[in-house]
Student: 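Shown below is the structure under consideration.
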Amino acid sequence: MPEFRLYNSLTRAVEPFVPADGETVRMYACGPTVYNPAHLGNFRTFLFADLMRRALMLAGFKVRQVMNLTDVDDKIIKRATQQGQSIREVTEPVIGMFLADRDYLRIEPAEHYPRATDFIVEMVDLVRRLEMKGVAYQAEDKSVYFAIDKFAGYGRLSRLDTRELKAGARVAQDDYAKENAQDFALWKAATPDDEACGAAWDSPWGRGRPGWHLECSAMAMSLLGETIDIHTGGIDLQFPHHEDEIAQSEAATGKPFARFWCHGEFLLTDGAKMAKRVGNVANVQDLRTQQVSAAAVRHLMFSTHYRKQLNLSGTALEASMEAVRRVGDFAERLAAATGGTLKMAEIAEAFRGEFEDALRDDLNAPRAQAALFVFINQVNAELDKRGGDAAGLTAAREAFARANGVLDIVPDREGVDASLEAWVDGQLEARKAARGRRDFAAADQIRKSLEGKGIVVEDTPQGARWKKVR
RNA sequence: GGCGCCGUAGCCAAGUGGUAAGGCAGGAGACUGCAAAUCUCUCAUCGUCGGUUCGAUUCCGACCGGCGCCUCCA
């Protein structure tokens, strides 16, 4: 079997990937900061992790995935303070929304969703280790910082060593206590606001709270070990977040932290990065009110390679909705078919090879999806022949199920209640009778009234079929 | 200012040193009482200008245009 290959930001090259133990991929995905519902830009990255997870499993690996929930940070504290709540009161409902959105988008649950506040002990321990190694220091402001010039590899991931800071860039400001402007906080001394909203814990350095970067290192190493296979996240996290994770993890353990760093590109709207401060965010709830199916969103997200920016637009969504409609119709047709052709087995095998090659090639989902549409077209043509070959049909069904197990782009059927169903069936009986006596005007009238209720009728050799749309 | 990415048909988007997958939209046809669904055919020379090469969309350079990171950020 061809090797699985992934682009590694660490080396800036596509490399063969195998988990360190040859069997189970231990992957850590940077998750949401839960102060606000995640927007579609965030979910593009989470969908990228979902694709990675499913593609790895399709390739035969086991996966142990962790996605953190950052439930203590500046924004959360700010919000809690404004609303006179504890940070937990702020984060709890948002976590609920995140999980609901995740389920709506059919993102397969990771094995763990650790909350930062549940790992304070591990975080304090990590800071202590760094202090003992002499790479952390407590400054006058009582916060503890990581001294980047004590870590030789600093800047390796983001190539910071070759960078220069923008002239006049805002580096110092409130960070006057640090020895070096680029040193980052491991442990932040508590403020009265922190105390008031429950964002302060005891530590050897006094009351305080963990720095953001520290949270991920501590949780990743606690749950997955000191060297993990894959660390994913949005491209914007590459610096400084991931750079700092590497520094503090490797300085503490002396071992490589993550073997592969994989970054997903941004989702743009109106040609700009989707971000709250740009004012162009859309979230899952917006899609639901627009009746955009999860299948369509997944199709759209997978139609562009994860390392390329993707511009979200209404027309793109409509194209995906239509594409996925076709996939859904095909799925039903395949399920209902009573026989296939010999050739379908060949088509299925070719499809399976191309589909899986594409995914193994640095998660080339656009290519995999293209293969699926070729497959759908070819199998539809075979199905039109109304053959009776059982093996061919089975092969096609299996190949489709296997591919859809990764993409998951078959839309849900519209829910129909029993009374509507009975009414539609009655209408179709009347239409059948009208057609029987060649009263097409009456038959068309019935079909038109059904369409008014979102019922689309399709005549087939086996009689009329119908489905609810919108 | 430093680092990096991108520019392929009306829209979205793969890809290769030897004349371009797929989706949406469009056109023609088959099937149908008419539709719908499905099928068939059809629709591009790859931002511009140079260079390397027998040959470049694919390599190199310049330019134009767009985006991102360097500060919280998926």
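Per chain, numbering begins at 1; letters A, B, ... match sequence-line order.
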Student: Determine if A:Phe373 stacks with B:G22; use a centre-to-centre distance below 5.5 Å and an interplanar angle below 30° as the criteria.
Tutor: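 Here the ring of A:Phe373 and the base of B:G22 are not stacked, as the 5.5 Å and 30° limits are not both satisfied.
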
Student: Considering only the C1' atoms, how many Å lie between B:U48 and B:C54, rounded to the nearest integer?
Tutor: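 Taking atom C1' in both B:U48 and B:C54, they lie 25 Å apart.
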
Student: Choosing from B:C39, B:G33, B:A74, which nucleotide comes nearest the side chain of A:Ala381?
Tutor: B:C39

Student: Using the P atoms only, state how far B:C3 lies from B:A44, rounded to an integer number of Å.
Tutor: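 The answer is 41 Å between these two P atoms.
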
Student: Closest approach to the side chain of A:Val456, judged atom by atom: which nucleotide of B:A36, B:G23, B:C72 is it?
Tutor: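 Of B:A36, B:G23, B:C72, B:A36 is nearest to the side chain of A:Val456.
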
Student: Are the aromatic rings of A:Tyr7 and A:Phe260 close, with centres under 6.0 Å apart?
Tutor: no

Student: Measure from the side chain of A:Asn380, starting at C-beta and using heavy atoms only, and say which of B:U38, B:C72, B:A13 lies closest.
Tutor: B:U38

Student: Name all residues meeting the salt bridge (Lys or Arg N to Asp or Glu O under 4.0 Å) criterion together with A:Lys467; count only those two or more places apart in sequence or in a different chain, and write none if there are none.
Tutor: A:Asp329, A:Glu458

Student: Check whether any side-chain nitrogen or oxygen of A:Lys273 sits under 4.0 Å from OP1 or OP2 of B:C69, and answer yes or no.
Tutor: yes

Student: Check the distance between B:C12's P and A:Leu312's CG and give it to me in whole angstrom.
Tutor: 12 Å

Student: May I ask you to verify if any side-chain N or O of A:Asn364 is less than 4.0 angstrom from the OP1 or OP2 atom of B:G15?
Tutor: yes

Student: Measure NE2/A:His263 against P/B:C69 and give the value in whole Å, please.
Tutor: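 Distance, rounded to whole Å: 13 Å.
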
Student: Please tell me which of the listed nucleotides, B:A36, B:A74, B:G4, lies nearest to the side chain of A:Phe266?
Tutor: B:A74

Student: Please measure how far the C1' atom in B:A9 lies from the corresponding atom in B:G47, and state the result in whole Å.
Tutor: 14 Å

Student: For B:G7, does either OP1 or OP2 sit under 4.0 Å from a side-chain N or O belonging to A:Lys308?
Tutor: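 Answer is yes, contact under 4.0 Å.
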
Student: Using the P atom as the reference point in each nucleotide, state the distance between B:C49 and B:U71 in Å, no decimals.
Tutor: 39 Å

Student: What is the distance from CE of A:Met274 to C1' of B:C72, rounded to the nearest Å?
Tutor: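 Atom-to-atom, A:Met274 to B:C72, this comes out as 18 Å.
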
Student: In this structure, which one of A:Arg259, A:Arg53, A:Met52 forms a side chain to side chain contact (heavy atoms under 4.5 Å, CB included) with A:Ile230?
Tutor: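 With A:Ile230 as partner, A:Arg259, A:Arg53, A:Met52 yield a single side chain to side chain contact (heavy atoms under 4.5 Å, CB included), made by A:Met52.
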
Student: Identify which nucleotide among B:C24, B:U38, B:C69 has an atom closest to any side-chain atom of A:Glu322, counting heavy atoms from C-beta outward.
Tutor: B:C24

Student: Could you tell me how far B:G27 sits from B:A13 if I compare only their P atoms? Round to whole Å.
Tutor: 24 Å

Student: Looking at A:Arg209 and A:Glu215, does any basic side-chain N land under 4.0 Å from a carboxylate oxygen?
Tutor: no

Student: Looking at A:Leu99, I want to see if its CG is surrounded by more than 12 non-hydrogen atoms of other residues, nucleotides or ligands under 6.0 Å.
Tutor: yes

Student: Heavy atoms from C-beta onward define the side chain here; which of B:C34, B:G4, B:A74 lies closest to that of A:Arg12?
Tutor: B:G4

Student: Given the P atoms of B:G10 and B:C6, what is the spacing between them in whole Å?
Tutor: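 Approximately 23 Å lies between the P atom of B:G10 and that of B:C6.
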
Student: Check each residue of residues 26-36 of chain A for a non-hydrogen atom within less than 4.0 Å of any atom in RNA chain B, then write out the ones that pass by number, or none.
Tutor: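 Residues of residues 26-36 of chain A that come under 4.0 Å of RNA chain B are, in numerical order, A:Gly31, A:Thr33.
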
Student: Can you tell me if the side-chain N/O atoms of A:Arg326 get under 4.0 Å from OP1 or OP2 in B:C39?
Tutor: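 Yes, within the criterion.
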
Student: Using the benzene-type ring in the case of Trp, are the ring centres of A:Tyr154 and A:Phe146 under 6.0 Å apart?
Tutor: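 Ring centroids of A:Tyr154 and A:Phe146 are no less than 6.0 Å from each other.
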
Student: Round to a whole Å and report the spacing from CG of A:Asp444 to P of B:U32.
Tutor: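 After rounding, the reported distance stands at 16 Å.
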
Student: Any side-chain N or O of A:Arg435 below 4.0 angstrom from OP1/OP2 of B:A35?
Tutor: no

Student: Tell me which nucleotide among B:C73, B:C67, B:A37 gets nearest to the side chain of A:Leu268.
Tutor: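 Out of B:C73, B:C67, B:A37, the nucleotide with an atom closest to A:Leu268's side chain is B:C67.
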
Student: A:Leu407 and side chain to side chain contact (heavy atoms under 4.5 Å, CB included): which single residue from A:Gln369, A:Arg298, A:His299 fits?
Tutor: A:Gln369

Student: Using atom CG of A:Asp361 as one end and atom P of B:A14 as the other, report the distance to the nearest whole Å.
Tutor: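 Going from CG in A:Asp361 over to P in B:A14 covers 13 Å.
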
Student: Looking only at atom P, what distance separates B:A25 and B:A36, rounded to whole Å?
Tutor: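 Here B:A25 and B:A36 have their P atoms 12 Å from each other.
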
Student: Between A:Val457 and A:Thr315, who's closer to the 5' end of RNA chain B by nearest nucleotide?
Tutor: A:Thr315

Student: Measuring from the side chain of A:Thr45 (C-beta onward, heavy atoms only), which nucleotide among B:G68, B:U38, B:A74 has the closest atom?
Tutor: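 Of the candidates, B:A74 comes closest.
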
Student: Are A:His242 and A:His213 close enough that their ring centres sit under 6.0 Å apart?
Tutor: no

Student: Please figure out whether A:Ser313 or A:Arg447 has its closest RNA chain B nucleotide nearer the 5' end.
Tutor: A:Ser313

Student: Which nucleotide sits closest to the side chain of A:Ala370: B:A74, B:C34, B:A21?
Tutor: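 Among the listed nucleotides, the one closest to the side chain of A:Ala370 is B:A21.
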
Student: Tell me if the side-chain of A:Asn377 makes a donor-acceptor pair with the base of B:G22, cut-off 3.5 Å, by modelled atom types.
Tutor: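 There is none.
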
Student: Can you tell me which nucleotide in B:C39, B:G68, B:C34 comes closest to the side chain of A:Ala272?
Tutor: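 In terms of side-chain proximity for A:Ala272, the closest of B:C39, B:G68, B:C34 is B:G68.
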
Student: With a 3.5 Å limit on both atom pairs, tell me what B:G10 is paired to, counting Watson-Crick and G-U wobble, or say none.
Tutor: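 Base partner found: B:C24.
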
